[in-house]
Asker: 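Before we start, here is the structure in question, set down as structure tokens.
For this chain, numbers begin at 1 and follow the sequence in order. Nothing here was measured: the structure is a model prediction, and the numbers come from that model.
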Amino acid sequence: MNHIEDEYVPIRDAEDAQLGMFDKPLPCFGCGIGWFSLLLGFVFPLMWYFSAILYFGKYYNKDPRERSGLAACAIAAIVFTVAAVITLLVYLL
């Protein structure tokens with residue numbers, strides 16, 4: 001009701017101060033630490049463990065957009081660990 005016809009109205013809510021909090025782009029070329037670490041982890045698997053530590057340390061509370069990428073890295077770290085253990089067991093036996 002407070003806007004003039006043919007003009008855009010800002011969507012910001014005066015009561016919600018966090019609405020503009022996530023307007024900034026994510027770090028690491030805009031895809032976030034989690035997804036960047038997932039891609040880089042195929043070359044350096046230790047990146048998956050670094051991101052898994054961030055995930056279990058609840059780093060995503062700072063920016064909820066990071067949660068899915070960090071969770072994917074945690075899953076990749078677990079899968080890589082299981083595959084490495086199975087490979088070592090087969091090799092040693």
Asker: Can you list, pair by pair, the side-chain donor-acceptor contacts under 3.5 Å of residues 51-58, counting residues two or more places apart and other chains?
Answerer:
unit_1, atom_1, unit_2, atom_2, d
Ser51, OG, Ser37, OG, 2.9
Ser51, OG, Met47, O, 3.3

Asker: Hey, could you give me the CZ/CD1 distance between Arg65 and Ile33, rounded to the nearest 0.5 Å?
Answerer: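 Reported to 0.5 Å precision, the distance equals 11.0 Å.
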Asker: Counting only pairs under 3.5 Å, give me each side-chain donor-acceptor contact of residues 25-32, with atom names and distances, residues two or more places apart or in other chains.
Answerer:
none

Asker: Going through the distances and angles, do Phe36 and Leu40 end up as a side-chain contact (heavy atoms from CB on, under 4.5 Å)?
Answerer: CA-CA 6 Å; Phe36 184 74; Leu40 193 61; 4.1 Å; yes
Asker: I'd like to check Ser68 versus Tyr60 (side-chain heavy atoms, cut-off strictly below 4.5 Å). Are they in contact?
Answerer: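 Side-chain contact under 4.5 Å: no.
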Asker: Among all residues two or more places apart in sequence or in another chain, which pass the ring-ring contact (aromatic ring centres under 6.0 Å, His included) test with Phe42?
Answerer: Trp48
Asker: Indicate, with yes or no, if Leu38 and Val43 share a hydrophobic cluster defined by side-chain heavy-atom contacts under 4.5 Å among Ile, Leu, Val, Met, Phe, Trp and Tyr.
Answerer: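 No: no chain of side-chain contacts under 4.5 Å links Val43 to Leu38.
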Asker: Hey, can you pull the donor-acceptor pairs under 3.5 Å for the side chains in residues 70-93, sequence neighbours left out?
Answerer:
unit_1, atom_1, unit_2, atom_2, d
Thr81, OG1, Tyr49, OH, 2.5
Thr81, OG1, Ala77, O, 2.7
Thr87, OG1, Ala83, O, 2.7

